[in-house]
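These numbers were taken from a predicted model, which means no experiment stands behind them.
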Amino acid sequence: MKEKTLVLIKPGAVQRELIGEIMTRFERKGIKIVGLKMMEMTAHLVKLHYAHLINEPFFNDLQSFMMSTPVVAIALEGAGIVKRVRDLTGVTNPREARPGTIRGDFSISVRNNVVHASANLEEALIELQRFFSEDELFNYNRMNVIDYSDE
Ligand code: DAT
Ligand code: MG
């Protein structure tokens, strides 16, 4: 199976009308989109997704934030895609996120940091299964892309 990763466009970015801008970052970089949907996160889904933060004092705020609008879930595919997307995303804290990364350019606070991206291969596998059913992930060739060497 080809390497895949999960990105979520978070409510803050949906509110700020950044959906297209963020999708464009991946498309312009030649990254293949193999799944895409808008969905509402339930309290249960947020608890699963952020299980590692459940005892943090900010968890309740994080949970209501993630449920405040629908999110956009994106599945991306390619060789080394987990790290590549995480690099394009930038680090969690907006003050440290490098210019040119999505968070570096658009993030305005730690909570409102625009996107989620799976942190490693193991997380990506689990998260993709959590957000996409098998028939929501697509297998297709991109006819107009000449260089397939990194797919
Ligand atoms: P990342 O999203 O970079 O993988 P993470 O998994 O450590 O970072 O945290 C998940 C999200 O939780 C993060 O994107 C925003 C929120 N969060 C993390 N630390 C926080 C803090 N100190 N205060 C508020 N929200 C925080
Ligand atoms: Mg994380």
* Qualifying ring-ring contact (aromatic ring centres under 6.0 Å, His included) pairs with a residue from residues 77-134, counting only residues at least two apart or across chains ->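 As it turns out, the ring-ring contact (aromatic ring centres under 6.0 Å, His included) pairs with a partner in residues 77-134, which skip direct neighbours, are H49-H116, H49-F131.
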What residues, two or more places apart in sequence or in another chain, satisfy side-chain contact (heavy atoms from CB on, under 4.5 Å) together with [X]?
X    : answer
R111 : D61, L62, F65, S109
L88  : F26, K29, I31
K83  : D87

So [Y] and [X], do their side chains get closer than 4.5 Å, heavy atoms only?
X    : Y    : value
V14  : V71  : no
I9   : M23  : yes
I108 : R16  : yes
Q15  : N112 : no
R130 : I126 : yes

* Structure fact -> Residue set satisfying side-chain hydrogen bond (donor to acceptor under 3.5 Å, both in side chains) with R103, at least two apart, ordered chain then number -> none
* Among T89, D105, T101, side chain to side chain donor-acceptor pair (under 3.5 Å) partner for R25 ->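 Among T89, D105, T101, the one meeting side chain to side chain donor-acceptor pair (under 3.5 Å) with R25 is D105.
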* Asked: Which is it for N113 and K10 under the side chain to side chain donor-acceptor pair (under 3.5 Å) test, yes or no, and what are the steps along the way?
  -> CA-CA 8 Å; N113 63 6; K10 296 188 189 181; 2.7 Å; yes
* Is atom NE2 of H52 surrounded by more than 12 heavy atoms (other residues, nucleotides or ligands) closer than 6.0 Å? -> yes
* Tell me the salt bridge (Lys or Arg N to Asp or Glu O under 4.0 Å) pairs involving residues 36-46, sequence neighbours left out? -> K37-E136
